[in-house]
Every structure is written in structure tokens, then in C-alpha cells.
**Student:** 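I'd like to ask you about the structure that follows.
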2 protein chains.
Amino acid sequence: MAPTKSSKKKPKAALAFQSPNGKSSPHPDLDALVQQTIARVADKWTLLTLEVLDQHGTLRFTQLAGLVDGVSQKMLTQTLRQMEADGFVTRTVHPVIPPKVEYTLTALGRSLGEAFCSVWTWAETNYKAIEKARTAYRERS
Amino acid sequence: MAPTKSSKKKPKAALAFQSPNGKSSPHPDLDALVQQTIARVADKWTLLTLEVLDQHGTLRFTQLAGLVDGVSQKMLTQTLRQMEADGFVTRTVHPVIPPKVEYTLTALGRSLGEAFCSVWTWAETNYKAIEKARTAYRERS
DNA sequence: CATATTACTTACCTCACGGTAACTGACGTA
DNA sequence: TACGTCAGTTACCGTGAGGTAAGTAATATG
């Protein structure tokens with residue numbers, strides 16, 4: 001029983017809610033919005049692309065393809081379109097042949113990079129602790 | 001052409017590498033490790049669980065199931081096991097019947113929460129800008 | 001006329017993520 | 001004897017993320 005949701009009996013209450021009333025949020029559920037935003041932004045390719053653009057400044061498509069280690073053209077395009085739509089990068093098309101398209105971080109994109117900087121730093125200082133924890137866990141079981 | 005990798009011609013060089021030499025990393029490729037760590041940690045359920053545990057302190061399984069909004073038992077167990085293995089939570093089993101298992105963040109887990117705090121804050125202050133960018137993008141195309 | 005170049009689309013296909021629901025174990029209680 | 005409780009585990013199954021490879025447009029060059 002207890003399938004996380006949907007039990008035809010009494011819902012037990014007092015546990016499964018986070019904002020049925022008004023609380024004090026400016027929006028109905030800011031938490032959800034923020035969570036959703038983070039989920040979008042914490043995507044693998046987005047993170048990698050963000051970092052590469054942050055380090056190298058303006059880059060063309062093929063340069064990105066080379067620097068974003070392991071990305072396929074399809075995913076790179078998709079990621080860049082997404083980031084453009086979200087306002088993280090500007091996409092500048094130079095009407096020449098062969099095509100020349102340049103990508104640069106916007107201020108918003110750069111601020112996102114800074115925000116993730118602390119996570120990056122955390123990972124740098126703590127990945128050894130994680131590895132140790134994993135080994136310990138493996139031996140425990 | 002240019003399928004991101006594997007072209008039998010000259011690899012063009014000067015583009016597709018990040019640490020073929022020694023640089024100054026203590027490990028062969030610290031960047032990859034860190035990226036990998038972030039990817040693991042930036043998982044949807046991990047993030048949500050982390051936040052709930054950060055806000056509520058010690059919780060039992062069913063309490064978490066109620067608070068982590070939308071998680072299935074399967075994913076909750078999986079996430080918690082993962083977090084335990086990584087050293088983010090402690091799992092305390094009280095040998096009683098019915099079972100009682102309590103989860104608490106470790107110091108490492110709490111530090112991770114703090115690191116993500118800046119991202120959380122960023123999302124709070126910038127999600128409107130993102131929405132605006134999206135609307136603008138939609139109208140542009 | 002064929003080829004190279006850049007920045008993509010598009011079609012196709014696979015596999016792993018994750019949801020649903022049922023089952024387990026050990027005991028107290030009705 | 002049947003049921004409820006908690007904390008899972010397991011089997012099954014569908015969707016969709018994402019990889020691969022080929023195609024496209026437009027022109028300069030040999």
C-alpha cells in the first residue's frame with residue numbers, strides 16, 4: 001500500500017502538502033518555480049557550455065563543438081537554442097558564406113556562471129570526501 | 001560532415017582537448033571529476049530531498065515521501081541510498097516493529113546545501129528575467 | 001563540374017530513467 | 001485469523017533523452 005499518492009482511504013493529512021493555503025509567497029508556489037528553474041539550468045550540457053563560454057568569451061559553433069567535450073551537434077544546437085531562449089547567450093549571425101555564427105554570454109548568463117561557481121568550488125574541495133564515503137559504503141555492505 | 005568525433009581525416013587539432021598535458025592538476029582531469037560530481041548532485045530528486053532535509057532536520061521515510069512532493073517510493077529509496085553512499089545523509093535504523101528509519105544530513109550534505117544556496121538565490125532573483133527572455137524569444141521567432 | 005566549408009536539420013533507433021502497482025517481513029491488535 | 005503499519009523491494013512497461021548519420025543551403029575555389 002501507500003503508493004505515494006492516490007489511496008482511496010483517508011489521506012492521513014498533516015503530511016502531504018506544501019502550499020494549499022496562501023502562506024506568504026508572492027506567487028502561488030515560488031518554490032516550484034525556482035525548483036523548475038534550477039532543474040532546467042542544472043542540465044549537463046548547459047552547465048558545460050556555460051563554463052566553456054565563460055572561460056573563452058565569444059565562440060563560434062564549431063569551436064564550441066570542439067570545446068564542450070563529447071557533445072553532439074544535435075545537443076549543442078539544442079542547448080544553445082535553449083540558452084538563447086532563456087536569455088543566457090546571444091546568437092550573432094554574420095551573413096557570410098560559409099556561415100559564421102557567434103555565441104556570447106549575456107549578463108544573465110554570466111551571473112548564472114557566478115552562482116554555480118560556489119557549487120563548482122564545493123565539488124573541487126569535496127569530491128575526495130565523496131569518493132571516500134563511497135568506498136566506505138561499499139565495504140559496509 | 002564533422003560528426004563531433006571520428007573523422008578519418010586530420011583532426012584539425014588545436015581545438016578538441018582540455019588537458020592532454022599536465023597543466024597543474026593534482027589528478028589527470030580534475031575538471032571531468034568535478035563536472036561528474038556536479039552532474040550527480042544536480043539530480044532533481046537529490047536536490048529536492050536535500051532541501052527538505054535541510055529545512056526539517058531528521059525525518060523518517062514516510063515523512064520524506066510526503067514532503068518531497070511527487071517522488072515515488074522507488075525514487076526516494078534510490079535517491080536516499082545514493083545520498084547515503086555519497087556521504088550526504090546518515091541512515092539510522094531503529095530495530096523496532098513496525099520499522100523506523102531516520103535520515104539526517106551529514107556535515108558534507110549540509111555544506112552541499114549551502115553551496116547550492118547561491119544557485120537557489122540566483123533562481124529566485126532571476127526567474128522573472130528568464131521568463132521575460134523567453135517571451136521575447138518567442139515573439140522574435 | 002566536383003568539392004570544401006559552416007551551421008545547422010532531420011530521421012531513425014536505442015536504452016535507461018522513472019512511474020505504477022503488487023509483494024514482503026515482522027509484529028501488535030481486533 | 002485477518003488486518004494494519006513502516007520501509008522498503010521487485011517486476012513490468014512506456015516515454016523520451018540523446019546518439020548516429022545523412023541531408024541541406026549557399027558560395028568560393030580548383
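In what follows, every heavy atom counts, from backbone to side chain, and hydrogens, waters and symmetry copies are set aside. Note that the coordinates shown come from a computational prediction; the quantities given were computed from them, not determined experimentally. Naming: A, B, ... by sequence-line order, numbering from 1 per chain.
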**Student:** Could you check how far NZ of A:Lys74 sits from P of D:dA21, rounded to whole Å?
**Tutor:**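 Rounded to whole Å, this separation is 13 Å.
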**Student:** Do the side-chain N or O atoms of B:Arg81 get closer than 4.0 angstrom to the phosphate oxygens (OP1, OP2) of D:dA7?
**Tutor:**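 Checking D:dA7 against B:Arg81, no side-chain N or O comes under 4.0 Å of OP1 or OP2.
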**Student:** Taking atom P of C:dA16 as reference, at what distance in whole Å does atom CG of B:Asp43 sit?
**Tutor:**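 One finds 17 Å between P of C:dA16 and CG of B:Asp43, rounded.
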**Student:** At under 4.0 Å, does any side-chain N or O of A:Thr77 touch on OP1 or OP2 of C:dA7?
**Tutor:**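 Checking A:Thr77 against C:dA7: no side-chain N or O falls below 4.0 Å of OP1 or OP2.
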**Student:** Can you measure B:Phe61 atom CZ to D:dG8 atom P for me and round it to whole angstrom units?
**Tutor:**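 Atom CZ in B:Phe61 sits about 5 Å away from atom P in D:dG8.
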**Student:** OP1, OP2 of D:dG8 versus side-chain N and O of B:Arg91: anything below 4.0 Å?
**Tutor:**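 So the side chain of B:Arg91 is within the cut-off, an N or O lying under 4.0 Å from OP1 or OP2 of D:dG8.
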**Student:** Between B:Trp45 and A:Pro99, which is nearer to the 5' end of DNA chain C once each is assigned its nearest nucleotide?
**Tutor:**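 Residue closer to the 5' terminus by nearest nucleotide: A:Pro99.
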**Student:** How many Å lie between NZ on B:Lys100 and P on D:dT5, as a whole number?
**Tutor:**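 So the two atoms are 17 Å apart, to the nearest Å.
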**Student:** Respond yes when some side-chain nitrogen or oxygen of A:Ser72 is under 4.0 Å from OP1 or OP2 of D:dT20, and no when none is.
**Tutor:**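 So the side-chain polar atoms of A:Ser72 never come under 4.0 Å of the phosphate oxygens OP1 or OP2 of D:dT20.
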**Student:** Send over the distance from B:Ile97 CD1 to D:dG4 C1', rounded to a whole Å.
**Tutor:**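 In whole Å, D:dG4 C1' and B:Ile97 CD1 are 13 Å from each other.
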**Student:** Side chains of A:Gln78 and A:Gln82: is there a donor and an acceptor less than 3.5 Å apart?
**Tutor:**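 Side chains of A:Gln78 and A:Gln82: no pair found under 3.5 Å.
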**Student:** Less than 4.0 angstrom from a charged side-chain N to a carboxylate O is my criterion; do B:Asp54 and B:Arg110 meet it?
**Tutor:**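 No, no charged N to carboxylate O under 4.0 Å.
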**Student:** Check whether the side chains of B:Thr79 and B:Thr46 place a donor and an acceptor atom closer than 3.5 Å, and report yes or no.
**Tutor:**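 There is no such pair between these side chains.
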**Student:** What is the separation between atom CZ on A:Arg60 and atom P on C:dC8, rounded to the nearest whole Å?
**Tutor:**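 It works out to 10 Å between those atoms.
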**Student:** Specify the separation, in whole Å, of atom CD of A:Gln78 and atom C1' of D:dA17.
**Tutor:**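 In whole Å, D:dA17 C1' and A:Gln78 CD are 8 Å from each other.
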**Student:** Expressed as a whole number of angstroms, how long is the span from B:Tyr103:OH to D:dC6:C1'?
**Tutor:**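 It is 11 Å, rounded to the nearest whole Å.
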**Student:** How are the rings of B:Phe61 and B:Tyr103 set relative to one another: parallel (under 30°), tilted (30 to 60°) or perpendicular (over 60°)?
**Tutor:**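 Taking B:Tyr103 first and then B:Phe61, their aromatic rings sit tilted (interplane angle of 30° to 60°).
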